[in-house]
Structures are given as C-alpha cells and as structure tokens.
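Data block below; observations after.
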Amino acid sequence: MGQGLQNRIVILLPYLWLLILFLAPFGIVLKISFSDTAIAIPPYTPLWDWSDIRGFFAELDFENYTWLLEDDLYWKSYLSSLRIAAISTLITLLIGYPMAYAMAKAPKNIRPTLLMLIILPFWTSFLIRVYAWIGILKNEGYINIALEWLGIIDEPIMMLNTDFAVFVGIVYSYLPFMILPLYATLEKMDGSLIEAAKDLGCTEVSAFWKVTLPLSMPGIIAGCFLVFIPAIGEFVIPDLLGGSDTIMIGKVLWSEFFRNRDWPVASAVAVLLLLILIVPIVLFQHFQQRAEQN
Amino acid sequence: MQKLSPFNITALTLGFAFLYIPILLLVIFSFNESKLVTVWGGFSTKWYASLMQDKAFLNAAWTTFRIALVSATIATVLGTMAAMALVRLGKFRGRTLFSGMIYAPLVMPEVITGLSLLLLFVAMNVTRGFWTITLAHITFSMCYVSVVVSSRLHSFDVSLEEAAIDLGCNTIQAFFKVTLPIILPAVISAWLLSVTLSLDDLVIASFTSGPGATTLPMEIYSSVRLGVSPQINALSSLLVGLVGGGVILASIISRRQISKEQH
C-alpha cells in the first residue's frame, strides 16, 4: 500500500463519516423546514425531488417560518431561553469564580485531587444529576422537610416546576464547565504581579479587582460561553425541573416533534435555533483564537 | 507553602457540598425501606432486589451497554484517525471544513443533532433501532475522541516517529510501534469518555431509536416523568457507583504511571 493512499484513508474515512452523518442531515432539516405538514409517516410531504432544483426554488414554502413569526409562543420561547441561559451563566460565574480561585490558591499537592472532585460529577449521568434535584426541591422534598422541621415555614415553598428550579439545574450541571477554564487561567497567573501591586500600596481586595480579575478575563469569557451556549438549547433540565410556564426552545422543539408530530415546524425551529447560536459560537471561537495568539 | 485563607476554605466547602450533597442524598435514600422517597423508614436493600427482577430495566441496561461498547470502540478508531489527520498530515483540501465538523458537534444542542440524524435515517429508509442509535453515538463521540487525542499529539515529539521511519518502519508500523504506545493513555481515556457519553445520552437516543430499542436513560426518563421512585434511586446509585469507581480507578492508575515515568 502506498504512502499517499494510507494518508488518504486516514483523512477520508472520518471525513466521509462526518459529511454523511453530521453535515448532510442539516441539509435535510433545512429541506424539511420548507415542506408542508401532513398527517402521515413520515409526517411531511416532500417539497421536491432531489433531482429537481428549479422546482424547489419555484415552490419554496416559507409557511413554517411565517407561522413561527406569527405565533408568539416561539418568539417568547427564544427570548426566554436566552434570558434563562444568561441568568444561569451569571450565577454559575458567581459560584464558580471563588471555587476556582480557592483551588488555584490551594497547596500544590492537593490541587489534582480538587480538580478530580470537580470533574467527577461530570462523568456521572447528567439525567441522574438533574433527577436528584427533584427529590430536593419538590413540595415534600428535603429542603421543605428541613425548613418545616426547623419551624421556619408552615407551608411548603413551591420550588420545583418554577424558573428557580431551572436555574439551580443549569448551574449545578454546568458548574464544572465554568470552573475548569477559570482554574486554568488563575493557576498559571504570575503571583509576583499581585505582590507588586501590594508593594505599590494596594490592599488584598483592591489588588484582586485591579490585577487578578482583569488577568483572568480569558477564563471568564471561555467559561461563560461554555455554559451559555449549551444552556440555550437545553431540554432535559427545563422539562424535568421547570413548570408549564417555563418555556425554552429545546422543549418547544421536542414537543413539536414528539407530541404534535409536526416535523416541518420542528425543523424550522431547529434552523432558527442554529441561526441564534451561530452568533455566540463565532464570538467564542474569535476569543479563543485571540487567547491562543497571546 | 501558603495556607488557604478562611474565605477560600469556605468557598471550597460550600462549593463541594453543592456538588456532592444531591448525589449523596440520592444514594442514601436508595437504601430507604419506605416507599415515600424523602421520608426515612429504615435501612433496606429491597429496591435493588426489585430492580434485578425488572425485565424492562434489565433489557434496557443490556441494550445500553452494547451500544456504549460498540459505539465507543468505533468512535475511538475514527476519532484517532481524525486527530492524526488534523495534527500530522498538515494542509489538505477541505481541512477547514473537516476541523469545523469535528468541533461543531461539541457545542451543538442535542435536540438539533437528534432531529437531523432522525430525518437522515427516515430519508434513507433505515429501520430504526440498535444500529441507528449506535451510528448517532459514534458520530458525536468521535469528535470528543479527536479533541482528546489531538491535544496529546500536540505535546508529542514528532522526531520519535521520524526516527522509526528512518530505521525502516513504514508509517503504519511507525504508528503502531511508536505513536500508539505513547498516546495510549489518552486513547483509553477517550474511549472511557465515549462509553460514558453513550451511557448518558437521552435526547439523541430518543430521536434515533425505534420500537424495541429502549436505552436506560430513556427508561429512567419515562419513569422520572411519573415522579421520584426509590427504584430509580437504586438504579441511579448503581450507575453513579459504577462510573465513579471506574473514573477514580483510572485516575489512580494514570497517576501511578506518571510517577513511575518520573522516577
């Protein structure tokens, strides 16, 4: 076997795999988002044959998209996904930063153990970690039982099936994604810079605000994107912890598909979700590249 | 060596409590005698026993493990090839698209990946079930494998490979005799990561499965929707124990290896 052929196989096999099973399916989603809904299996009427491109442009059917624009459920769910993802990202940062900071300050010999303790929950099932919060937050859950036992409340506080539960779920599930990049930047930070700041008259606190925080910006940005981007399209957390009035776009897509069996509308929702995600993803890559160059 | 300030100790204690108490409660209450999940009624292992007699769960567990092993293995091969292509083969036509397709699935919402794969399988008229889930899992796992293995390849001295080739190896022999043994820890951890990703996946499996192929997360999800049950707690504790034990073991082994290399 020739050298060139070997190299070509190493490239082509994974390349073709991704072309067929990752890229081509998006083309199909796009195509079906322009199709008509029909109650059949599969529940849509194909708009055109693969062979007839001209016919496609003649009959291009934006019906599903105008439908999305007219029904305010979709608008609201896009906006509320962005809102929920943004608030959760902020809370994750506020919890994650002190932890990453303390880890970076910890004695060198216990740092690997601390790091593993952060990563370990990430390896255990996501679904199970979300499920664990149902028992904690529900009306007869551990928090309400404890508060009633302590005599702080008489009536259980409703926590499950609210936006609050969704915030808790996202923060809990994505905390390691925030801590890891933060820890990476804080750990390699030059301690002498802070010493210098203190020599020049900064207090511990002002040295943090003037030196540590600005220098850890790349970690903050990376961590925030790593939480914000996947949180927008989240399905499991709003479905299991959120209430009926917590609408997020991942949940809408799921119910259009599985409950209403409306494949074309589900596809149109997916296309718009992708368009919304492109902005933060491109920004993220831009920041990553700039960070690598420095 | 400096000591941690009280503020830092508080941050770490509260943080780790937040991360671990939910899982601990889940495990503790899986040994609860009472059917009321949140009220302690005495120690019992009966939920584990009832789990072992539940046909639906056992079937789902068997399907899930087979999918995880098959998909992780194929994904490791394909992902390692992709990493070699990206790190070692320099510029080739379509490289930008290729690396884009490796990174995109990592940030793609699962609902979109699942929906698009399902529509592909429908368009190709494939019967959905075990193999369609496996294909889907290979596709996203190979991207994770490729990221893990490429980062190892980046920190690897190419001259070792070149020396092997100078000594008469062809590239395939050089890969199996020199490169693979050195990057093996990364390849193994990539394989383990693929296994856990596959065991854990609910959304993509729900889209791409067909009648007869129900995975464990799908089974857990459909009973969780009906409420918390001690049996699910037992099942979750088993999975947490299995994966947690495996990860701790793997990290101990790799740390021994590192300290051996240093001596």
Side-chain angles (χ1 to χ4, degrees), chain A residues 3 6-7 10-11 13-15 17-18 21-26 28-29 32 42 95 98-99 101-103 105-107 116-117 120-121 123-129 131-136 140-142 145 172 175 229-230 232-233 235-236 240 250 253-254 257 266-267 270 273-274 277 281, chain B residues 1-2 4 8-9 11-12 15-16 18-20 22-23 25-26 29 37-38 78-79 81-82 84-85 89 92 94 98 101-102 104-105 107 109-112 115-117 119-120 122-123 135 139 142 170-172 196 199-200 202-203 217 220-221 224 228 232 236 239-240 243-244 247 251 255:
Chain A
Q3 192 72 74
Q6 282 171 19
N7 287 351
V10 169
I11 295 174
L13 215 58
Y15 207 132
W17 185 286
L18 287 173
L21 282 149
F22 182 71
L23 202 59
F26 285 120
I28 301 176
V29 171
I32 287 171
I95 296 178
M99 283 183 79
Y101 183 80
M103 281 169 65
K105 283 269 184 290
M116 200 179 85
L117 284 172
L120 195 59
W123 286 77
T124 59
S125 167
F126 180 71
L127 184 59
I128 290 173
R129 280 182 290 145
Y131 163 74
W133 279 98
I134 299 181
I136 297 174
E140 315 82 49
Y142 305 122
I145 289 179
Y172 183 68
L175 191 59
I229 295 171
I232 296 174
F235 162 73
V236 176
L240 291 181
L253 196 162
W254 179 284
F257 187 84
S267 303
L273 174 55
L274 260 187
L277 282 178
I281 290 176
Chain B
M1 184 132 330
Q2 64 193 118
L4 276 175
N8 287 338
I9 291 176
L12 282 180
F16 283 118
F18 176 61
L19 280 177
Y20 282 93
I23 301 175
L25 282 172
L26 192 82
F29 279 84
V37 176
T38 48
L78 284 171
M81 287 170 94
M84 286 297 285
L89 295 179
F92 51 86
F98 189 48
M101 287 194 300
I102 291 286
V107 287
E110 289 171 319
V111 280
I112 295 186
L115 176 70
S116 66
L117 277 165
L119 296 179
L120 174 81
V122 169
L135 286 176
T139 309
M142 68 179 276
N170 61 35
T171 30
I172 291 189
T196 48
L199 287 182
D200 196 16
L202 164 73
V203 174
I220 295 176
Y221 175 72
V224 165
V228 185
I232 300 284
S236 308
L239 286 175
V240 168
V243 173
V247 171
S251 83
R255 238 184 265 178

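Numbers restart at 1 for each chain; the letters A, B, ... are given by sequence-line order, proteins then strands.
Only the side chain of B/Thr196 has a heavy atom closer than 4.5 Å to any heavy atom of chain A. For a residue to count as touching a neighbouring chain, one of its non-hydrogen atoms must lie under 4.5 Å from one of that chain's; by this rule A/Leu18 touches chain B with backbone and side chain alike. For B/Leu19, the parts sitting under 4.5 Å from any heavy atom of chain A are the backbone and the side chain alike. Within the 4.5 angstrom heavy-atom criterion, no atom of A/Ile232 approaches chain B. Contacts of B/Ile23 with chain A are made by both backbone and side-chain atoms, with heavy-atom separations under 4.5 Å. The contact between A/Leu253 and chain B is made entirely by side chain atoms (from C-beta outward), counting heavy-atom distances below 4.5 Å. If you measure heavy-atom distances from A/Phe257 to chain B, the contacts under 4.5 Å come from the side chain alone. The contact between A/Leu117 and chain B is made by backbone and side chain atoms together, counting heavy-atom distances below 4.5 Å. With a 4.5 angstrom heavy-atom cutoff, A/Pro230 does not touch chain B via any of its atoms. At a 4.5 Å heavy-atom cutoff, the contact between B/Phe92 and chain A is made by side-chain atoms alone. Interface remark: A/Leu175 contributes side-chain atoms only to the contact with chain B (heavy atom separation under 4.5 Å). For a residue to count as touching a neighbouring chain, one of its non-hydrogen atoms must lie under 4.5 Å from one of that chain's; by this rule B/Met142 touches chain A with the side chain only. Interface residue B/Leu202: only side-chain heavy atoms are found under 4.5 Å from chain A. For chain A, the nearby parts of B/Leu135 are the backbone and the side chain; heavy atoms of each come within less than 4.5 Å.
Ranking A/Phe235, A/Trp254, A/Phe126 against chain B, the residue ahead of the rest is A/Trp254, based on heavy-atom pairs under 4.5 Å. With chain A as partner, the option from B/Leu89, B/Ile9, B/Leu239, B/Val240 having the largest number of non-hydrogen pairs under 4.5 angstrom is B/Leu89. Heavy-atom pairs under 4.5 Å with chain B peak, among A/Val236, A/Leu273, A/Ile229, at A/Leu273. Between chain A and the residues B/Leu12, B/Val111, B/Thr139, the largest count of heavy-atom pairs under 4.5 Å involves B/Thr139.
Of the candidates B/Asp200, B/Val224, B/Leu26, A/Ile128 forms a side-chain contact (heavy atoms from CB on, under 4.5 Å) with just one, namely B/Leu26. With respect to A/Ile28, the side-chain contact (heavy atoms from CB on, under 4.5 Å) criterion is satisfied by exactly one of B/Leu119, B/Leu117, B/Leu115, B/Val122: B/Leu119.
Residues A/Leu277 and B/Pro109 approach most closely at CD1-CG, 3.2 Å, considering heavy atoms. Heavy atoms only, all atoms of each residue included: B/Met81 and A/Pro14 are closest at CB-CG, 4.1 Å. Listed here is the closest heavy atom pair of A/Ile11 and B/Phe98: O-CZ, 4.4 Å. Closest of all the heavy-atom pairs between A/Pro121 and B/Tyr20 is CD-OH, 3.4 Å. Of all non-hydrogen atoms in B/Ile112 and A/Ala270, the two that sit nearest each other are CD1-O, 3.6 Å. Contact record, B/Pro22 with A/Ala132: O-CB, 3.8 Å, taken as the closest heavy-atom pair.
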Stepwise, does the side-chain contact (heavy atoms from CB on, under 4.5 Å) test hold for B/Ile102 with A/Phe22?
CA-CA 10 Å; B/Ile102 291 286; A/Phe22 182 71; over 6 Å; no
Give the C-alpha distance, both sets of side-chain angles, the deciding distance and a yes or no for side-chain contact (heavy atoms from CB on, under 4.5 Å) between B/Leu120 and A/Leu21.
CA-CA 8 Å; B/Leu120 174 81; A/Leu21 282 149; 3.8 Å; yes
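The structure places OG1 of B/Thr171 at 3.5 Å from CD of A/Gln6, a figure rounded to the nearest 0.5 Å. Taking CD1 of B/Ile220 as the reference point, atom OH of A/Tyr131 lies at 9.0 Å (rounded to 0.5 Å).
Ring geometry for B/Phe18 against A/Tyr172 counts as perpendicular: the plane angle is over 60°, on a 0 to 90° scale with 30° as the lower cut.
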